[in-house]
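A quick write-up on the structure given underneath.
Reminder, nothing fancy here: chain letters follow the sequence lines and each chain counts from 1.
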Amino acid sequence: MTTFDAGGITLHKVREHVWEIPPEGGMRVPARVFASERLLEEIAEDKTLQQLKNATHLPGIEKYAICMPDGHQGYGFPVGGVAGIDAENGCISPGSIGYDINCGVRMLKTNLEYDDVRGREEQLVDALFEAIPTGLGGGGIVEGDRGTVEAALESGVEWCLEEGYAVESDLAHCEDEGRRPDADPAAVSDKAKDRGRNQMGSLGSGNHFLEVQRVTDVFDERIADAYGLEAGQVVVLIHCGSRGLGHQVCNDYLREIEQAHGGLLSQLPDKELAAAPAGSQLAEAYYGAMCAAINFAWVNRQLITHRTRTVFEDVFGASWRDLEMELLYDVAHNIAKKETHAVDSGEKELYVHRKGATRAFPSGRKEVPEAYRDVGQPVIIPGSMGAGSYVLCGGAESLDVSFGSTAHGAGRLMSRTRAKNEYWGEDVQEDLRDREVYVKAQSGATIAEEAPGVYKNVDEVVRVSDELGIGDKVVRVTPICNIKG
DNA sequence: ATGTTC
């Protein structure tokens with residue numbers, strides 16, 4: 001049997017791209033890493049594998065804890081981690097969802113071709129940067145009072161539709177039609193709501209961005225056609241989350257759960273995994289608040305969509321409908337959802353925790369929107385600024401292998417601190433410009449932190465997903481211009 | 001990720 005020694009943690013190769021850490025000590029189930037050897041070597045360099053082992057201690061965890069090929073260490077639970085946990089007898093763990101609740105990505109289509117944009121990249125990137133709030137702190141497309149935030153928390157993209165920031169087809173092409181029915185705005189603190197008041201429609205900072213791209217490779221003509229994508233087409237990728245509001249929700253409930261459920265916490269190897277037992281008041285309240293924050297993030301991406309359409313109308317002198325700027329899909333990367341999955345004991349309702357992982361349901365699942373139900377849901381995987389991104393299709397194996405999930409991006413290779421030591425923002429910006437990628441950001445430090453070299457190879461991440469059959473390659477896109485925080 | 005330090 002092939003093994004991989006990661007400094008005290010031994011992984012056994014189950015089959016191509018599947019590595020297992022067998023249970024020991026308090027591990028309730030094995031841990032599995034889905035990676036090529038090259039990616040596994042990168043994953044083994046930080047605390048990811050130890051964090052993955054720790055996650056297997058969570059009560060009610062089914063099958064195995066998963067690390068995706070883009071995995072790296074996070075708060076308590078790895079980014080790129082998936083855990084399916086019994087929703088009746090298990091628990092829910094905010095750190096296994098992430099601070100940025102419903103950080104996610106959506107793709108807007110256009111009928112423009114690369115030639116329509118060439119020579120106008122700077123005009124376009126300047127107009128986008130001018131129109132769309134970026135960076136840390138306040139300033140949104142919509143500024144409201146607490147009631148405005150509550151409406152967004154309750155209704156998600158439906159609120160945008162009522163307010164004229166969305167059309168019906170936007171709802172039809174969003175995960176959950178842009179509204180989580182389990183949202184409970186009353187479970188979100190006033191402090192969190194107030195942080196959201198002036199952040200509705202803002203990109204934020206870090207790895208968040210808006211990027212104009214062109215389709216450069218088509219791997220599956222049939223599915224690309226079903227998605228309305230073709231070679232040469234210009235598309236827009238919007239990557240952001242729930243800003244300070246989601247962060248506050250996570251923080252509020254972590255503190256409350258640590259206080260109220262110290263007994264459970266004492267059984268866990270890492271305080272950062274703090275979890276509320278399924279059925280407890282705090283589990284219900286956190287789930288309701290998290291679902292509300294999910295809605296908030298969808299509103300955020302929808303408002304940015306609305307503004308992006310306006311910018312394209314100005315720059316290209318045609319209405320967004322004539323430019324056919326339809327939403328392809330919107331996927332969440334940091335989320336837990338009640339879903340039914342097959343486990344040893346039969347069909348069971350689980351809290352599927354996906355932290356830096358994407359739902360990747362194949363054809364047939366009822367959650368896949370009608371437009372894509374025959375082929376499977378689109379999965380959008382952003383790479384780094386220079387590297388390009390992918391659209392995949394939910395794979396036939398995903399339900400058996402990964403609770404219907406795949407990777408979410410390239411995954412960091414090094415910390416932000418180390419990135420700033422190794423790169424200088426202006427230099428990175430110039431290098432990208434030499435490759436005809438126009439980047440505009442609030443902060444040079446952010447460009448350094450997000451330099452292409454601080455990320456794993458997205459092509460390799462996607463190759464593993466495709467070869468495992470959990471998310472299948474459809475098209476690859478290449479960046480044209482990018483705005484960041 | 002984040003009013004970038006609970």
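- Because its NZ or CZ atom is not both nearer than 6.0 Å to the ring centre of A:Phe129 and within 45° of the ring axis, A:Lys484 does not count as a cation-pi partner of that residue.
- As a whole-Å value, the separation of A:Leu245 CG from B:dT2 P is 12 Å.
- Heavy-atom distances to DNA chain B give each of A:Leu136 and A:Glu450 a nearest nucleotide, and the one nearer the 5′ end belongs to A:Glu450.
- Rounded to an integer number of Å, the gap from A:His247 NE2 to B:dT5 P is 10 Å.
- Note on A:Lys420: nothing from the nucleic acid sits closer than 4.0 angstrom, heavy atoms only.
- Summarising the local packing, CD of A:Glu143 is surrounded by more than 12 heavy atoms from other residues, nucleotides or ligands at distances under 6.0 Å.
- In this structure, NE2 of A:His208 is placed 16 Å from P of B:dT4, rounded to the nearest angstrom.
- In this structure, A:Lys484 places its NZ atom 11 Å from P of B:dT2, rounding to the nearest Å.
- At the heavy-atom level, A:Glu449 lies nowhere under 4.0 Å from the strands shown.
- Atom CZ of A:Phe296 and atom P of B:dT2 are 11 Å apart (whole Å).
- Residue A:Asn198 contributes atom CG, which lies 13 Å from atom P of B:dT2 at whole-angstrom precision.
- A:Gly244 comes within contact range of the sugar-phosphate backbone alone, with a heavy-atom separation under 4.0 Å but no base atom that close.
- At the heavy-atom level, A:Gly98 lies nowhere under 4.0 Å from the strands shown.
- Annotation for A:Lys47: atom NZ does not count as buried by contact number, only 12 or fewer foreign heavy atoms lying within 6.0 Å.
- Of the candidates A:His173, A:Glu175, A:Gln302, A:Gln302 is the only one forming a side chain to side chain donor-acceptor pair (under 3.5 Å) with A:Arg106.
- The aromatic rings of A:Tyr329 and A:Tyr372 sit perpendicular to each other, their planes meeting at more than 60°, with 30° as the lower class boundary.
- What separates CG of A:Asn251 from P of B:dT5 is a distance of 14 Å, to the nearest Å.
- In this structure, A:Gln259 places its CD atom 17 Å from P of B:dC6, rounding to the nearest Å.
- Residue A:Arg243 has a polar side-chain atom (N or O) positioned under 4.0 Å from OP1 or OP2 of B:dT2.
- As judged by a 4.0 angstrom heavy-atom cut-off over every strand, A:Ser205 is placed among residues touching the sugar-phosphate backbone only.
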